[in-house]
Amino acid sequence: MKQSETGELIFDSFDESSLYFAKLLMNSRHVHSTNSLNANTYKSDIVELRNVSYSIPAGKVLSDNPYHQPTPFWAISESLSEILNLTRPIMERYSPDIMDSSYYIFADRQPIYSYGERLHMFNQIMNVFNKLNDNLQSKRAYLSVYQGFDTDISRKDVPCTIGWNLSARNDRLSISTHLRSWDFFAGNIYDTFLANILLQSFTSWLSKSRQTSITSGRLHFYADSLHYYPGTSQQKLEQMIKFGETNFYDNLQSFTFNVDVIQYYKDMYHLSDAEQASYNGNFDYSLNKLRKITDCVIQDFARMYIIKNARKNKDNSLVSRMEHEIEAPDLRKWFVQRNKIKEL
């Protein structure tokens, strides 16, 4: 770990940063939550680090540590749901109980908010893409999640993420995630993955549109409160530290997209269709949708869904075939290794 002149902590990977902050959290004192909604719940006791600022390289977002690594299904499903603005997130079909604990849900099963809904408000994603496409050095490429109406005292749930800022210098595009509140286990793992998906997406779109070689730089994070809840996560934190730092990317390249913005969204909708079809056991249709996807990484995401649902249907031949076809080395390691531990 290094430190920049402005105080930002600079890590070589998600794994390194995770272990560093885990040790700091372990040695920090417990305080009572100031949120009245947390009274008499596991969230009433909290351990937090204030005003955290750090960065990791783009792409280095996976880990071998089983106590602090993203689950492929949840990470990809959350990212897909936000990118396509699926107001009933994919995860709900598989884990309605987790949905109830992760979102404030209305009676019609709609969450009170979603990042996808906020991202697509005012056409933010395309506006920011067009802004950067016109001027790659722009300092106005901000995707806003937290809105003015979230300050209303009657709001029962508000986003933890304030927004993302995309910034390019010398043809290297980086992304900064600003967070008011960040759960080390429930949020940090998946928000890191989502930030990387956003960065890799914009990098691919801009490279194709501008016909220049733009690379992904770093993932920057600024959190007012990085915390965990000892009531549910104390043992996990201890096990994570005991397991230690790993080197997931030893001799492995991290995945990147290679598709323009129009084809990207076509591929993402084919991916969504493949997921739904495989969930319902229609593997012929899901495989047909897989063949329509042009980007290799998005193809691998579709294979992940087919593997998950083929396993549920005890179609071991299809599971083996899809595992063999995974192209991105880091995704192959992530999917296959995760299966040896638990379900995708």
Side-chain angles (χ1 to χ4, degrees), residues 58 61 75-91 102-104 110-152 155 157-169 172-182 187 190-210 214 216-224 256-257 259-269 271-272 295 298 301:
V61 297
I76 293 169
S77 296
E78 184 174 62
S79 298
L80 179 59
S81 296
E82 312 304 9
I83 292 291
L84 296 185
N85 190 21
L86 306 178
T87 55
R88 295 281 289 275
I90 292 169
M91 302 81 78
S102 301
Y103 294 82
Y104 185 87
Q110 294 289 345
I112 193 171
Y113 75 87
S114 71
Y115 286 3
E117 173 194 20
R118 300 294 178 88
L119 282 171
H120 288 266
M121 200 181 275
F122 310 116
N123 200 33
Q124 286 194 80
I125 293 179
M126 287 300 99
N127 287 344
V128 167
F129 165 68
N130 289 329
K131 193 182 298 287
L132 288 170
N133 197 35
D134 180 63
N135 175 16
L136 192 60
Q137 313 300 318
S138 175
K139 296 188 290 292
R140 298 182 178 185
Y142 198 86
L143 297 165
S144 180
V145 178
Y146 200 93
Q147 301 292 327
F149 52 75
D150 288 315
T151 63
D152 192 306
R155 294 283 292 180
D157 195 14
V158 297
C160 296
T161 299
I162 304 299
W164 298 272
N165 189 70
L166 289 134
S167 178
R169 296 293 183 271
R172 282 173 60 85
L173 184 68
S174 294
I175 191 168
S176 298
T177 306
H178 301 104
L179 306 110
R180 62 168 189 84
S181 178
W182 211 11
Y190 296 103
D191 290 331
T192 301
F193 189 85
L194 176 58
N196 185 60
I197 289 289
L198 288 171
L199 176 59
Q200 301 290 6
S201 299
F202 274 93
T203 299
S204 177
W205 303 345
L206 291 165
S207 294
K208 295 294 184 181
S209 181
R210 296 172 65 88
I214 298 171
S216 293
R218 296 187 70 83
L219 309 173
H220 300 269
F221 299 96
Y222 305 93
D224 290 337
T256 58
F257 298 116
V259 65
D260 64 47
V261 65
I262 294 175
Q263 190 60 51
Y264 175 93
Y265 273 97
K266 288 180 179 179
D267 283 356
M268 282 295 193
Y269 277 109
L271 169 60
S272 178
D295 184 81
I298 302 176
F301 289 172

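- Between S167 and N165 there is a side-chain heavy-atom pair separated by less than 4.5 Å.
- If you run side-chain contact (heavy atoms from CB on, under 4.5 Å) between S81 and each of S114, S272, P89, only P89 comes through.
- Partners of N133 by side-chain hydrogen bond (donor to acceptor under 3.5 Å, both in side chains), not counting sequence neighbours, listed by chain and number: S209.
- There is no side-chain donor-acceptor pair under 3.5 Å between Y222 and T177.
- The shortest side-chain heavy-atom distance between L179 and I162 does not fall under the 4.5 Å cut-off.
- Within the 4.5 Å cutoff, no side-chain heavy atoms of Y113 are placed close to those of V158.
- Taking a cutoff of 4.0 Å between a charged side-chain nitrogen and a carboxylate oxygen, R180 and D224 do not qualify as a salt bridge.
- The distance from the CE atom of M268 to the CD atom of Q263 is 12.0 Å, given to the nearest 0.5 Å.
- Expressed to the nearest 0.5 Å, how far CG of L166 lies from CG of L206 amounts to 8.5 Å.
- Counting heavy atoms of neighbouring residues, nucleotides and ligands inside a 6.0 Å radius, atom CZ of R88 exceeds 12 of them.
- One side chain, D191 or W182, offers a donor N or O that lies under 3.5 Å from an acceptor on the other.
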F257 and Y264: ring pair (Phe, Tyr, Trp, His ring centres under 6.0 Å), yes or no, with the steps? CA-CA 9 Å; F257 298 116; Y264 175 93; 5.6 Å; yes
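- Sorted by first then second residue, the side chain to side chain donor-acceptor pair (under 3.5 Å) pairs that include residues 121-132, not counting sequence neighbours, number zero.
- Proximity of V145 to W164: side-chain heavy atoms (C-beta onward) are separated by under 4.5 Å at one or more points.
- Contact annotation: the side chain of V261 approaches that of M126 to within less than 4.5 Å [non-hydrogen atoms, C-beta and beyond].
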Evaluate Y142 against H178 for ring pair (Phe, Tyr, Trp, His ring centres under 6.0 Å), listing each step before the verdict. CA-CA 11 Å; Y142 198 86; H178 301 104; 5.7 Å; yes
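- L198 CG to L219 CG: the interatomic distance, rounded to the nearest 0.5 Å, is 10.0 Å.
- Within 6.0 Å of CZ in F149 there are more than 12 heavy atoms belonging to other residues, nucleotides or ligands.
- There is a side-chain donor-acceptor pair under 3.5 Å between T161 and Y115.
- Residues S77 and I90 share a closest heavy-atom pair of OG-CG2, 3.7 Å.
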Verdict with reasoning, R118 to E82, per side chain to side chain contact (heavy atoms under 4.5 Å, CB included): CA-CA 9 Å; R118 300 294 178 88; E82 312 304 9; over 6 Å; no
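- In this structure, the side-chain hydrogen bond (donor to acceptor under 3.5 Å, both in side chains) partners of D152, at least two apart in sequence or on a different chain, are S154.
- Looking at S216 and T203, their side chains do bring a donor and an acceptor atom within 3.5 Å of each other.
- Side chains of I125 and H120 form a contact here, defined as non-hydrogen atoms less than 4.5 Å apart.
- Formation of a donor-acceptor pair under 3.5 Å by the S207 side chain with backbone atoms of I214 is found in this model.
- Using a distance-only test at 3.5 Å, with no hydrogens or angles considered, no donor-acceptor pair links the side chain of N196 to the main chain of A58.
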Run the side chain to side chain contact (heavy atoms under 4.5 Å, CB included) check on R210 and L136 step by step: do they pass? CA-CA 10 Å; R210 296 172 65 88; L136 192 60; 3.8 Å; yes
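- Rounding to the nearest 0.5 Å gives a distance of 5.5 Å between CG of L80 and CG of L86.
- With Y265 as the partner, the side-chain contact (heavy atoms from CB on, under 4.5 Å) test is satisfied by one option alone out of D260, V259, I83: I83.
- Taking CG of D295 as the reference point, atom OG of S204 lies at 6.5 Å (rounded to 0.5 Å).
- To the nearest 0.5 Å, atom OG1 of residue T192 and atom CD1 of residue I197 are 12.0 Å apart.
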